[in-house]
Amino acid sequence: MDEVYEILIHKVHDYEGTVNELTGDGIMALFGAPIALEDAPQRAIRSALAIHQEIGKFSDRIKKGNGIPTLRMRIGIHTGPVVVGTLGNDLRVEFKAVGDTVNLASERKDWLNQGQPV
């Protein structure tokens, strides 16, 4: 999973996104927060396409001769207003994005079949 996280994080950073959460088997990335970007939606889409391409290459590489099934993934993208900030107290602080836009992006990911184009 470390190699997959490395691909995901690098492809988000390549398009000036911010990875703000590792979700166990995925990530949550923000484009346009905490630093505003005029073309944040386009960057998110370019990042998603680059991730799909790199994960495909990685999957081909690991399944050769190992009998490992093809890796498949889903990516949900939604644009709109979010509330971004830090949550927590002196013992634990997290940078979070919350709101309907965040929830819809997660739901869109769940609507897709694994490996389906964005």
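Predicted model, so just to flag it, every value in this text is computed and none were measured. Scope of the values below: all heavy atoms of this structure, side chains included, with no hydrogens, waters or symmetry mates.
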*What's the verdict on side chain to side chain contact (heavy atoms under 4.5 Å, CB included) for Ile77 and Ile45, showing C-alpha distance, side-chain angles and the deciding distance?*
CA-CA 8 Å; Ile77 298 173; Ile45 291 167; 4.1 Å; yes

First locate atom [atom1] of [X], then atom [atom2] of [Y], and finally report the distance between them rounded to the nearest 0.5 Å.
{"X": "Ile7", "Y": "Ile27", "atom1": "CD1", "atom2": "CD1", "result": "11.0 Å"}
{"X": "Arg72", "Y": "His52", "atom1": "CZ", "atom2": "NE2", "result": "10.5 Å"}
{"X": "His13", "Y": "Thr18", "atom1": "NE2", "atom2": "OG1", "result": "6.5 Å"}
{"X": "Arg46", "Y": "Glu16", "atom1": "CZ", "atom2": "CD", "result": "11.0 Å"}
{"X": "Leu37", "Y": "Tyr15", "atom1": "CG", "atom2": "OH", "result": "14.0 Å"}
{"X": "Leu71", "Y": "Arg61", "atom1": "CG", "atom2": "CZ", "result": "10.5 Å"}

*Under the 3.5 angstrom rule, does the side chain of Thr79 hit a backbone N or O of Pro41 as a donor-acceptor pair?*
no

What pair of heavy atoms forms the shortest contact from [X] to [Y], and how long is it?
{"X": "Asn20", "Y": "Ala97", "value": "ND2-N, 3.9 Å"}
{"X": "Val4", "Y": "Phe58", "value": "CG2-CE2, 3.7 Å"}
{"X": "Ile68", "Y": "Lys63", "value": "O-CB, 3.0 Å"}
{"X": "Leu91", "Y": "Asn89", "value": "N-OD1, 2.8 Å"}
{"X": "Lys11", "Y": "Ala50", "value": "CD-CB, 3.8 Å"}
{"X": "Met28", "Y": "Thr23", "value": "N-CG2, 4.4 Å"}

*asked:* Between Val82 and Val98, is there shared hydrophobic-cluster membership here, with clusters defined by ILVMFWY side-chain heavy atoms closer than 4.5 Å?
replied: no

*If you group Ile, Leu, Val, Met, Phe, Trp and Tyr by side-chain heavy-atom gaps below 4.5 Å, do Val83 and Leu30 land in one group?*
no

*Pair Ile51-Ile75, side chain to side chain contact (heavy atoms under 4.5 Å, CB included): steps then yes or no*: CA-CA 9 Å; Ile51 287 169; Ile75 298 174; 4.0 Å; yes

*Any side-chain heavy atom of Pro81 within less than 4.5 Å of one from Thr101?*
yes

*Does the pair Leu8 and Met73 meet the rule for a side chain to side chain contact (heavy atoms under 4.5 Å, CB included), with working shown?*
CA-CA 11 Å; Leu8 299 175; Met73 64 183 323; 3.7 Å; yes

*With side chain to side chain contact (heavy atoms under 4.5 Å, CB included) as the test, would you mind laying out the steps for Phe31 and Asp39 before giving the verdict?*
CA-CA 9 Å; Phe31 292 84; Asp39 58 346; over 6 Å; no

_Asp60/Lys57 ion pair, N-O < 4.0 Å_ = no

*Over 12 non-hydrogen atoms of neighbours within 6.0 angstrom of CD1 in Ile35*: no

